[in-house]
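Structure, as C-alpha cells:
Whatever order the structure lists them in is the order used to number ligands and atoms, beginning at 1.
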Amino acid sequence: MPSVNRQVLLVSRPTKSAGLDNFRLFETPLVPLQQGQIRVRNHYLSLDPYMRLRMNDCPSYAAPQPLGQVMLGATVGVVEESRAAGFVAGDKVLATFGWQEYGVGTAGDLRKVDDSCVPLSAYLGCVGMPGVAAWMGVHRILQVKANETLIVSAASGAVGSVAGQLAKHLGLCVVGITGGPQKCAYVTGELGFDACVDYKGGSMPNDLEAATPAGVEAYFDNVGGEVLDAVMARMKVFGRIAVCGRVAEYDGANIPLKNPGLILDRRLKIEGFGVMEQKGWRDALEELCRLVSSGKLKFRESIVHGLEKAPEAFLGLLKGRNFGKQLVKLT
Ligand SMILES: NC(=O)c1ccc[n+]([C@@H]2O[C@H](COP(=O)([O-])OP(=O)(O)OC[C@H]3O[C@@H](n4cnc5c(N)ncnc54)[C@H](OP(=O)(O)O)[C@@H]3O)[C@@H](O)[C@H]2O)c1
C-alpha cells in the first residue's frame, strides 16, 4: 500500500477569475488508523460549479472554504481498511473527502452505495447531488404539469440533463439551452428534448422565440446572466422560475437583470433553492436509481485521469469545456 496521500489544497483566493495558481498539489504521509476510523481509496472525485463560490471569502449559498486545506468535494471510493463496526475492506462508499486520493473518516461520514445497478461514478452525478437538485427543482420548486413548456439551461450538464429528462417523462414540452451545436445535438438526439438553442450561436433571443412560439410556463435556471434575460422574455403570465444556479456569474462579476420589470408585468414567481436544504432525498434517489438502471434516464460523463488534472478540469467546467458530469478518476 502507498505511504503517501496526494491532495490538492486551496492556497489563495481568486482576485478575478480563478487560476491554476490558486491550487497546490501536496503530499502527506498516510498514518495508522485509530479505533472507529475507516480509510477509503477515492476512485472518483466530483467537480461542481459551486466549488468556485467556495473559493471566495464572501457570503453565498456555499460557505467559503478555508485556505491551506484540501478542496472540498464529493467522492466515491472503496474501503481499504476499517477499524469501525459496519464497514469492511471492499465496501463501496460515497463521502465528501474532497480533492485527495485517500480519505479517513468515521462511519457517520460514509454512505454505502450499491454499484450493481448503476455505476459507482453515477453516485456523483445523476443518482447523486446533481440528480437530486434536478428532481427537487422539477417536482418541488416548479411543480411542473403535463403539456406545459419548460426551458432548461446548461441542458447537457449534470443537473440540466436530468431536469429535462424528468420533465419529458411527465409529458412536458422541453426546450434546452446549451453551448455549441454538438451539445445541442446531444440534448435533442440522445436526451429526447423537443428542441435546443445554442446560446453561443449569436441569435439566442430569436432562436428561443422560434423554439417557444407560445411562450413558456416554467424555467429551470442553471446559469443566470444573459440567458436568464432571454428566457424571461419568453415567460408567460404567472410563469415560474426555479433558480438552481448562476454559473455564468461564478467566475466573474454579477450580471444584473436587464428587464426586472417583467417580474411584475408577467406576475412571475422566482424561487432559489439549495438541494441540501430540501426534504425528500430518499424519494428522489429511489426514482433516479430506478430510471437510470432501467435505461430511461441517460447520462454522460467527462472524465479526466489523475488528481493533478483536477484544477485544470475544474477551470474548464466554468467555461463549458465539460460535456456531461465532470469527474476526476483517481485510480
Ligand atoms: N442549488 C443547488 O442546490 C445546486 C445543486 C447542484 C448544482 N447547482 C447549480 O446547477 C448548475 C449546473 O450545475 P452542474 O453540476 O450540472 O454543472 P454542468 O452543467 O455539468 O457544468 C456547468 C455548465 O455550465 C455551463 N456554463 C458555464 N459557463 C456558462 C456561461 N457563462 N453561460 C452559460 N452557461 C455556462 C456550461 O455548459 P454550456 O456548454 O452549455 O455553456 C457548463 O458545461 C450550476 O449553476 C450549479 O451551481 C445548484
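- At least one heavy atom of Y250 sits closer than 4.0 Å to an atom of ligand 1.
- Atom 26 (N) of ligand 1 has V247 CG1, 3.6 Å as its closest protein atom, hydrogens excluded (heavy atom only).
- Contacts between N222 and ligand 1 below 4.0 angstrom, taking non-hydrogen atoms only, involve backbone and side chain alike.
- Per-residue contacts place V223 under 4.0 angstrom from the following atoms of ligand 1 (heavy atoms of the residue considered): 33 (C), 34 (N).
- Put simply, the residue from M71, Q326, K325 that forms a side chain to side chain contact (heavy atoms under 4.5 Å, CB included) with L47 is Q326.
- A side chain to side chain contact (heavy atoms under 4.5 Å, CB included) with M232 is found for exactly one of I241, N259, D265, namely I241.
- Heavy-atom proximity to A248, at under 4.0 Å, picks out these atoms of ligand 1: 30 (C), 31 (N), 32 (N).
- Atom 3 (O) of ligand 1 has as its closest protein heavy atom V275 N, 2.7 Å.
- Neither side chain, S60 nor Y250, offers a donor N or O lying under 3.5 Å from an acceptor on the other.
- Contacts between K183 and ligand 1, counted as non-hydrogen atom pairs separated by less than 4.0 Å, involve the side chain only.
- No side-chain donor-acceptor contact under 3.5 Å links S161 and S156.
- Of all the heavy atoms of P130, none lies under 4.0 Å from any atom of ligand 1, so neither backbone nor side chain is involved.
- Within the listing of ligand 1, atoms 38 (P), 40 (O) sit less than 4.0 angstrom from a heavy atom of T178.
- Q37 and R83 are not linked by any side-chain donor-acceptor pair at a separation below 3.5 angstrom, with hydrogens and angles left out of the test.
- Regarding atom 28 (N) of ligand 1, its nearest protein heavy-atom neighbour is L318 O, 3.3 Å.
- Atom CG of residue L150 and atom CD of residue E217 lie 9.5 Å apart, to the nearest 0.5 angstrom.
- For I177, no heavy-atom contact with ligand 1 is shorter than 4.0 Å.
- Near A158, meaning under 4.0 Å from any of its heavy atoms, are these atoms of ligand 1: 15 (O), 16 (O), 18 (P), 19 (O), 20 (O).
- With a heavy-atom cut-off of 4.0 Å, Y199 touches ligand 1 through its side chain alone.
- Remark: ligand 1 atoms within the under-4.0 Å shell around heavy atoms of N322 are 18 (P), 20 (O), 21 (O), 42 (C), 43 (O).
- Summarising the geometry, atom CD belonging to Q165 is positioned 11.0 Å from atom NZ belonging to K168; distances are rounded to the nearest 0.5 Å.
- Below 3.5 Å of separation, one finds an N or O of F273 facing an N or O of ligand 1.
- No hydrogens or angles considered: nothing links the side chains of K236 and T149 as a donor-acceptor pair under 3.5 Å.
- Near R246, meaning under 4.0 Å from any of its heavy atoms, are these atoms of ligand 1: 45 (O).
- A donor-acceptor contact under 3.5 angstrom links the side chains of E301 and S121, judged on distance only.
- The ligand atoms of ligand 1 that sit less than 4.0 angstrom from a heavy atom of G274 are 1 (N), 3 (O).
- Remark: minimum distance from atom 6 (C) of ligand 1 to any protein heavy atom is reached at M129 SD, 3.4 Å.
- No side-chain donor-acceptor contact under 3.5 Å links W99 and Q7.
- Rounded to the nearest 0.5 Å, atoms CZ (R54) and CG (D48) are 10.0 Å apart.
- Counting heavy-atom neighbours within 6.0 Å of K319 NZ, excluding the residue itself, gives a total above 12.
- P49 CG, 3.6 Å is the protein heavy atom nearest to atom 13 (O) of ligand 1.
- The nearest heavy-atom contact from the protein to atom 36 (C) of ligand 1 is G320 CA, 3.5 Å.
- Atom 38 (P) of ligand 1 has as its closest protein heavy atom G179 N, 3.6 Å.
- In this model, no donor atom of one side chain and acceptor atom of the other lie less than 3.5 Å apart for N42 and E101.
- The shortest heavy-atom distance from G225 to ligand 1 is not under 4.0 Å.
- Atom 19 (O) of ligand 1 has G157 CA, 3.3 Å as its closest protein atom, hydrogens excluded (heavy atom only).
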Going through the checks in order, is the side-chain contact (heavy atoms from CB on, under 4.5 Å) test met by F23 and L9?
CA-CA 6 Å; F23 305 99; L9 311 185; over 6 Å; no
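- Atom numbering of ligand 1 starts at 1 in the shown order; those under 4.0 Å from a heavy atom of G245 are 9 (C), 45 (O).
- Side chains of N22 and S12: a donor-acceptor N/O pair is present below 3.5 angstrom, by distance only.
- With distances taken over non-hydrogen atoms, the option nearest atom 9 (C) of ligand 1 out of S161, C244, A155 is C244.
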